[in-house]
Amino acid sequence: MQKRREFIKGSVLGAAALGLGSSVSQAAGGPRKQEVPRAVNKPLVISTWKFGIEANEAAWKVLDKKGRALDAVEQGVHVAEADPSNTTVGLGGYPDRDGHVTLDSCIMDEKGNCGSVAFLEHIVHPVSVARKVMEETPHVMLVGEGALQFALANGFEKTNLLTPKAEKAWKNWLREKNYEPVINIENHDTISMLALDSQGDMSGACTTSGLAFKMHGRVGDSPIIGAALFVDNEVGGACATGHGEFVMKTLGSFLVVELMRQGLSPAEACQAAVERIVKKYPNYREIQVGYLAMNKQGEYGSYAIHKGFNYAVYDQTGNRLIDSAHYVNR
Ligand code: GLY
């Protein structure tokens, strides 16, 4: 901890060493020195979990044509939203305990604009409704029936999102009605994505059907700007996956971005945000939260409470899956 405090205290130097600050730095009492500008790793897209590999492919198609990061993240997470075999996002997502598939999603662009929808039913691509909220209303968030009316008025089609597989799982669950989220089992595998485009601009998106068999009306972290997603184009972006209540209680993604602003690397900032949960909530062993972040240089990193969280990275060297560092050793 002491080391981290010293690191944060020395954040001006830290930032310069990372190439984040101005191109000119001054060592204490020494002459002003010109920093050698480092190459920035762009374009770049990162996203949570194994299904991020396919989502990154779609995002890369946009980035590779020098497209905007905002379009890349929207197209990227569409893949998971439309996949009926994915039981934690969009179509095919597990329902709440009353049998309703309710979706949460948000999106944030390089100008600090953001939009979100929560407790939205019947729409395959909630992220695109969130984008419409951002671009075509004076608001940030629409929920439930109002969000559905807005989507339908904007040309989105009403679809039954409850697949036979999800319905069967729900009916099995009803036999015991045992509400017990299981770590890394696909009941909280949100897809969150961050992209840095060729222009050096960053955007992010997050979308989920939330915790399986949750209470009707429950909304998680995924539509909450600052919790599951935050982007500051001057600094970087962060996003989350896992047990949303703990991400919300600590406003995790905002925290990660602010720690990067103070000079921490993406991996260090994610670790500090996880350690915040561990310090404050003694039941941390029963929950999983993973953070993923990138800075403006195209450096990225992650940290999770438990082993098992992984993320997909696509840059000029290709698309690959990386196992996250984690807090609990078991
Ligand atoms: N992170 C997804 C949720 O808790 O709903």
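Note that ligands are numbered from 1 as they come in the structure, with each ligand's atoms numbered from 1 the same way. We're numbering straight along the sequence, starting at 1.
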Per-pair distances, 0.1 Å, donor-acceptor, side chain in residues 220-232, under 3.5 Å, sequence neighbours excluded:
| from | atom 1 | to | atom 2 | distance (Å) |
| --- | --- | --- | --- | --- |
| D232 | OD1 | E234 | N | 2.9 |
| D232 | OD2 | R261 | NH1 | 3.3 |
| D232 | OD2 | R261 | NH2 | 2.8 |

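- Looking at residues two or more places apart in sequence or on another chain, you find no side chain to side chain donor-acceptor pair (under 3.5 Å) involving Y314.
- Set against the non-hydrogen atoms of G210, the atoms of ligand 1 under 4.0 Å away are 5 (O).
- At a 3.5 angstrom cut-off on N or O pairs, E245 does not count as close to ligand 1.
- Under the 4.5 Å side-chain heavy-atom criterion for ILVMFWY residues, a single connected hydrophobic cluster contains both L120 and V133.
- Side-chain N/O atoms of S128 and E74 include a donor and acceptor closer than 3.5 Å.
- Those atoms of ligand 1 that come under 4.0 Å of a heavy atom in L211, given as number and element, are 5 (O).
- By the criterion of a heavy-atom distance under 4.0 Å, the side chain of R218, and not its backbone, is placed next to ligand 1.
- Cation-pi check for K249 over Y281 is met; the charged atom lies under 6.0 angstrom from the ring centroid and within 45 degrees of its normal.
- Every atom of ligand 1 with a heavy atom of G242 under 4.0 Å away is listed here by number and element: 1 (N), 2 (C), 3 (C), 4 (O).
- Residues V73 and V77 are not in side-chain contact: their nearest non-hydrogen atoms beyond the backbone lie 4.5 Å or more apart.
- For ligand 1, one of its N or O atoms has an N or O atom of D221 under 3.5 Å away.
- Short contacts between ligand 1 and S222, defined as distances under 4.0 Å to a heavy atom of the residue, involve ligand atoms 1 (N), 2 (C).
- The closest non-hydrogen atom to atom 2 (C) of ligand 1, taken over T190, V247, T102, I191, comes from T190.
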Trace of the side chain to side chain donor-acceptor pair (under 3.5 Å) decision for E57 with N319
CA-CA 8 Å; E57 293 282 347; N319 196 8; 3.3 Å; yes
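- Where the criterion is an N or O separation shorter than 3.5 Å, residue side chain and backbone included, G220 fails it with respect to ligand 1.
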